[in-house]
Amino acid sequence: MNARTPRYGPDLRTHAQGYFVKYLMNRENIALSAVLAAALLIVVANGACQTIRPANRLRLLEPVPMPSAEVAQGQTLFMRYCHTCHPDGDSGLGPALYSTPLPVVRAQVRLGVGGMPRFSDEVLADDEVSAILAYLGTLRAHVKEP
Amino acid sequence: MTRSLSVVSSAIAVSFAGCFYLLPSQGGGQISPVQTRPVDADDVAVPSGFRVERVASGLSFPSGAAFDDEGRLYVVETGFSYGPVYTTPRLLRIEADGATTEIARGEDPPWFGAAFHDGGFFISANGATGDAKIIRVGLDGSTRVVVDGLPGHGDHHTNAPVLGPDGMLYFGQGTATNSGVVGIDNYDFGWLSKRPAVHDIPCEDVTLTGEGYRTPNPLTDDPDDEVVTGAFQPFGVSGPPGQVIAGRVPCTGAVMRVSPEGGAVDLVAWGFRNPWGLAFSPKGKLFVTDNGFDERGSRPVYGAGDLLWDVTPGEWYGWPDYWSGIPLSIQRFDTATIPQPAQLLSNRTEEPPRPVARFAVHSSSNGIAFSTSEAFGFVGQAFVAQFGDMAPGVGKSLSPVGYRVVRVVTETGVITPFATNRERRGPASRMNGGGLERPVDVVMSPDGATLYVVDFGVMTTSDDGPLPQKETGVVWAIHGPGSRVARAAP
């Protein structure tokens, strides 16, 4: 290891998830796949992968208010680390972030899930993740207004 | 309490393998083919104080616009679309009533442009055969070659030239391949069978790690024929670790400059992938939009969005081994189905710079223009046209990405939507609407009060590739609050 070791590092968990998906897709495991698929349907129905109504979407054309320095910092960090897959907090490569509980978002950032890589505390310190969550809260309030 | 909730929630989320693997691709072009295109400015949403107007329609594959010194608007019809489809490239003047006057036509599409200078328009004419060149087209339609021998014949092209504050023509040269290695994806793009010797050209000497990629050979009739291809080399050619590929100029993945009178081409900066849009800020700094890696070919890369660079002359910006200043050879750029990209270059020891902004993956962030006047507002901010995703060919997208104009604060990298379809995300064809299809270029009016948007038109996607539609291109005007046109409206 030298000073240039990438800070993201190899992630066995995401590779394990990949093998998990391949395992499910194997014909012999179809029963397990069916059960998990049904469970996933419930999660999806709860809005885990959904987006917001179009009427509120246009609020994104107006600037998101910045009530605090933490929210402003969170916005800058969101643009740098999150926007490419969750543009405007909406779906793209990744799902929308308007309804996932914020503690779940923190866990997904730290652990990675599915197609999402993990962001360790070497990349994003705890207070930086908190700032991103604060920005998400402000963004959600902004697009909920009629 | 919150912590254990996090743990339980994350355990549930982790066990379901995430949305990306389990949802289908739903990109903006993934609809049944569309032939016609209604146009209705009311279907385009912009911030309060701005007004959208249709200026011209029925254009075929327009990709750029410019003003002459009398304030008249011109559009370049590319003569090409990914598909691929080739038509006649043209320079057109848009008259006040929206009619077009043909100024010049060519036989060498695609054309990208234009930059007006000293009575003529400077356009990059790529051509299907021979080398790409930059030409000057006079208002009488006469043509002069400014520079020839540009390597514009791979996936990406010699892009539109821009006049710099130093009076030189700056232009971006896109790479031949997705990530440095010629593969089957380039056969699907349509050029490998016609030009099997094309490969990327480094601007400076590079030392290779010797990674070689084994693929079937579509150029022979034998279905079992396979070849191994290395970086910066033609299809089927590879070499050992430590092999040095000599750099030269002109090269691919670079921004270069040349005098409008012709002469030697200078290297400005390299290590880009497809530096499509160039613009100088009001303070004279060069900004470049750079289309990020796709998930295709011999060395697919996942999760690489488009980038906005503030270009320092002499710098290297990382292609093919870095995205956004981050090395590709780490976990973040692989998935369950594509491997971690291997490092191709062994002699680059410095880390490349970081970009100013990072656009959405597959948004195809292309034309760029700066606001220069309070008549429009947002002075000093960059406006970028997003052509929109070409999923599933470039990779999966869970929803349409792009199909709009965004505004970027270059000091912070904050990206805000500026013009988008009112009803929902994606091109108008996806919602039977009359708004934006695929914005590809933006140009500020000479008085700084109106942003003109060049809209390429309809291009749906299918398993066989893109399906573009001629005569569906549009030019929109977005009048700012201080525009005389806006004030005159009833």
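Keep in mind that the numbers below use all heavy atoms, side chains included, and drop hydrogens, waters and symmetry copies. Throughout, a chain's letter reflects where its sequence line sits, starting with A, and its residues are numbered from 1.
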For [X], is it the side chain, the backbone, both, or neither that has a heavy atom closer than 4.5 Å to a heavy atom of chain A?
X: B:Ser48; value: both
X: B:Ala419; value: backbone
X: B:Val406; value: neither

task: Output the distance between atom CZ (B:Phe293) and atom NE2 (B:His362), rounded to the nearest 0.5 Å.
output: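 Rounded to the nearest 0.5 Å, the CZ-NE2 separation comes out at 13.0 Å.
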query: For chain A, which of B:Arg404, B:Arg407, B:Gln26 has the most heavy-atom pairs under 4.5 Å?
result: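 Highest number of heavy-atom pairs under 4.5 Å: B:Arg404.
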- request: Give the member of B:Gly303, B:Gly305, B:Ser397 that has the highest number of heavy-atom pairs under 4.5 Å with chain A.
  value: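 If we count pairs closer than 4.5 Å to chain A, B:Ser397 comes out on top.
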- request: Tell me, with the steps shown, if B:Gln30 and B:Ser25 meet side-chain hydrogen bond (donor to acceptor under 3.5 Å, both in side chains).
  value: CA-CA 8 Å; B:Gln30 291 184 260; B:Ser25 184; 2.8 Å; yes
field: Mutual orientation of the aromatic rings belonging to B:Phe378 and B:Phe50 [parallel < 30°, tilted 30-60°, perpendicular > 60°]
entry: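 Aromatic pair B:Phe378/B:Phe50 classed parallel.
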- request: Fit a plane to each ring of B:Phe272 and B:Trp309, take the angle between them on a 0 to 90° scale, and name the class: parallel (under 30°), tilted (30 to 60°) or perpendicular (over 60°).
  value: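 B:Phe272 and B:Trp309: perpendicular rings.
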- request: Determine the option with the most heavy-atom pairs under 4.5 angstrom with chain B, choosing from A:Gly92, A:Pro87, A:Cys85, A:Pro63.
  value: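 Heavy-atom pairs under 4.5 Å are most numerous for A:Gly92.
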message: Could you tell me if A:Arg140 sits above the aromatic ring of A:Tyr98, with its cationic atom closer than 6.0 Å to the ring centre and no more than 45 degrees from the axis?
response: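 No - A:Arg140 does not lie over the ring of A:Tyr98 by the 6.0 Å and 45° rule.
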